[in-house]
Amino acid sequence: MYNLPFTMYNMKLHYTLVFTLSTLLLASCDDGFVTDPVYESEQTGYNVKITGTFDGVDQWADNYNVVVAAFCEDDEYSSIQKTIQTDGEETAITLSNVPSGAKIIEIAVTNTLRKRVSTFYRYDVENVSADDTIRIDVGKQNVSMFSAINNTIFQGTATTCSRCHSGEKAARGLDLSAENAYKNLVAVKSNKDATLNRVTAGDAENSMLYKIITDDSGFHKGFFSDYGAFVNIIKSWIDNGAKE
């Protein structure tokens with residue numbers, strides 16, 4: 001070997017070193033010495049596990065989500081949420097790493113901006129620490145579009161529809177009390193215009209309810225703090241079949 005020309009010797013030595021290093025590198029990989037980095041996230045919040053049966057999930061249009069969500073007090077936008085996708089069957093949903101400041105857990109509907117549209121169930125969290133898991137069985141919940149409209153718009157506070165539209169002296173003969181609202185709306189002729197139904201399923205533009213709340217007088221606008229959201233959900237409900 002030492003009789004080889006100097007340049008050839010260097011070349012042979014070079015290839016020998018490359019081969020040796022490559023062999024060692026492969027061996028180290030096989031032996032586990034070279035590994036991908038492992039990143040571990042620290043637990044910074046608490047967990048919530050919700051179990052229940054949710055009816056009406058499939059009725060909602062694409063711009064709404066029925067969710068398990070955590071909210072901070074006085075904030076209409078969820079801190080964290082997970083969409084409920086199973087309709088009519090018992091399901092379990094877990095929220096992980098809920099921020100410590102979010103102490104309100106809800107079964108709710110949110111829009112595309114994660115703003116609360118309606119609440120079906122609320123649980124107030126107290127004395128919880130990181131790593132804790134709160135388990136809540138909400139039973140059977142009606143989370144349909146009409147349920148949200150009935151609870152949030154027709155009933156509830158002194159400024160909602162049933163303030164004027166309920167009982168024997170209901171305005172325009174339209175009783176929107178909780179137990180009567182649906183049957184007095186869908187496929188029922190309007191007292192104001194007998195050529196129209198109060199609600200024609202699938203056709204908001206030709207439903208008297210939608211025409212009244214969007215007329216130029218703006219009479220109903222002052223009753224709602226978020227009038228735009230109120231109009232949008234009514235229209236979406238009617239256009240998507242006005243289901244109960």
Side-chain angles (χ1 to χ4, degrees), residues 46-73 75-98 102-112 114-128 132-157 160-162 165-166 175-187 199 201-202 229-230 232-244:
Y46 63 95
N47 305 310
V48 177
K49 184 175 182 179
I50 296 281
T51 55
T53 302
F54 308 97
D55 294 328
V57 173
D58 293 345
Q59 293 185 17
W60 288 87
D62 292 341
N63 50 330
Y64 297 99
N65 288 298
V66 182
V67 298
V68 176
F71 293 87
C72 294
E73 194 71 39
D75 192 349
E76 293 295 310
Y77 296 86
S78 68
S79 299
I80 184 173
Q81 67 179 43
K82 187 172 287 188
T83 301
I84 299 171
Q85 298 179 337
T86 304
D87 193 321
E89 298 179 5
E90 186 172 2
T91 187
I93 298 173
T94 300
L95 285 182
S96 301
N97 284 345
V98 179
K103 295 297 180 65
I104 301 170
I105 305 300
E106 293 186 4
I107 307 299
V109 173
T110 58
N111 63 19
T112 53
R114 293 171 53 157
K115 184 178 181 180
R116 180 197 285 118
V117 173
S118 182
T119 298
F120 300 105
Y121 179 94
R122 170 172 169 154
Y123 181 92
D124 293 318
V125 176
E126 297 179 358
N127 302 322
V128 66
D132 285 352
T133 297
I134 299 173
R135 292 175 171 81
I136 309 169
D137 186 347
V138 300
K140 192 170 185 176
Q141 297 287 323
N142 181 354
V143 295
S144 68
M145 288 196 78
F146 182 75
S147 177
I149 290 168
N150 202 13
N151 293 338
T152 306
I153 297 173
F154 296 160
Q155 322 304 326
T157 67
T160 52
C161 300
S162 60
H165 294 281
S166 63
D175 181 3
L176 292 179
S177 55
E179 65 276 12
N180 295 317
Y182 187 84
K183 66 182 181 182
N184 286 331
L185 283 172
V186 181
V199 169
F230 157 59
N232 288 340
I233 195 172
I234 291 290
K235 186 177 190 306
S236 183
W237 169 63
I238 297 173
D239 284 341
N240 280 276
K243 298 176 182 178
E244 187 175 12

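We're numbering straight along the sequence, starting at 1. Atoms considered below: every heavy atom in the structure, side chains included; atoms not considered: hydrogens, waters and symmetry mates.
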Donor-acceptor check, side chain of N150 to backbone of F146, threshold 3.5 angstrom: yes or no? no
Hey, could you give me the NZ/CZ distance between K115 and F71, rounded to the nearest 0.5 Å? 11.0 Å
CH2 of W237 to CG of L185: how many Å apart, nearest 0.5 Å? 5.5 Å
At what distance, to the nearest 0.5 angstrom, does CZ of F230 lie from NZ of K235? 14.0 Å
Donor-acceptor pair, side chain of R116 and main chain of S78, under 3.5 angstrom: no
Do V143 and V109 come within less than 4.5 Å of each other through their side chains, counting heavy atoms only? no
Could you check whether any side-chain heavy atom of Y121 comes within less than 4.5 Å of a side-chain heavy atom of I50, counting everything from C-beta outward? no
So do F154 and I149 actually touch side chain to side chain, heavy atoms under 4.5 Å? yes
Within the supplied structure, the quantity of interest is the number of heavy atoms (other residues, nucleotides, ligands) at a distance under 6.0 Å from E89 CD; does it exceed 12? no
Given V125, I105, L95, N47, the one that forms side chain to side chain contact (heavy atoms under 4.5 Å, CB included) with I134: V125
pair I233-I153: side-chain heavy atoms closer than 4.5 Å: yes
Step through the shown structure and confirm whether more than 12 heavy atoms of other residues, nucleotides or ligands are within 6.0 Å of CG on D137. yes
Rounded distance (nearest 0.5 Å) linking atom CD1 of I104 with atom CG of D124: 6.0 Å
Which heavy atom of I107 sits nearest to which heavy atom of I84, and what is that distance? CG2-CD1, 4.1 Å
Is the backbone of T110 close enough, under 3.5 Å, to the side chain of N65 for a donor and an acceptor to pair up by distance? no
Sub-4.5 Å side-chain heavy-atom contact between N232 and Y64: yes
How far does CG of N142 sit from CD of Q59, to the nearest 0.5 angstrom? 7.5 Å
Enter the distance from M145:CE to W60:CH2 here, rounded to the nearest 0.5 Å. 4.5 Å
Give me the atom names and distance for the closest heavy-atom approach of A70 to V98. CB-CG1, 3.6 Å
Using a 3.5 Å distance criterion without hydrogens, assess whether the side chain of Q155 forms a donor-acceptor pair with backbone atoms of L176. yes
Is there a donor-acceptor pair closer than 3.5 Å between any side-chain N or O of N151 and the backbone N or O of S147? yes
Within the distance-only criterion (no hydrogens, no angle test), does the side chain of D175 pair as donor or acceptor with the backbone N or O of A181 below 3.5 angstrom? no
Testing the basics here: between S79 and R114, what is the closest heavy-atom pair and its distance to 0.1 Å? O-NH2, 3.1 Å
Whether the side chain of D132 engages the backbone of Y46 through a donor-acceptor N/O pair (distance < 3.5 Å, no angle test) should be reported. no
Identify the two heavy atoms, one from D87 and one from D55, that lie closest to each other, and give their separation to 0.1 Å. OD1-CA, 3.7 Å
So does E244 get a backbone contact from the side chain of S144, meaning a donor-acceptor N/O pair under 3.5 Å? yes
Does a sphere of radius 6.0 Å around NZ in K103 hold more than 12 heavy atoms from other residues, nucleotides or ligands, not counting ones at 6.0 Å or beyond? yes
May I ask you to decide if A148's main-chain N or O and T152's side chain share a donor-acceptor pair within less than 3.5 Å? yes
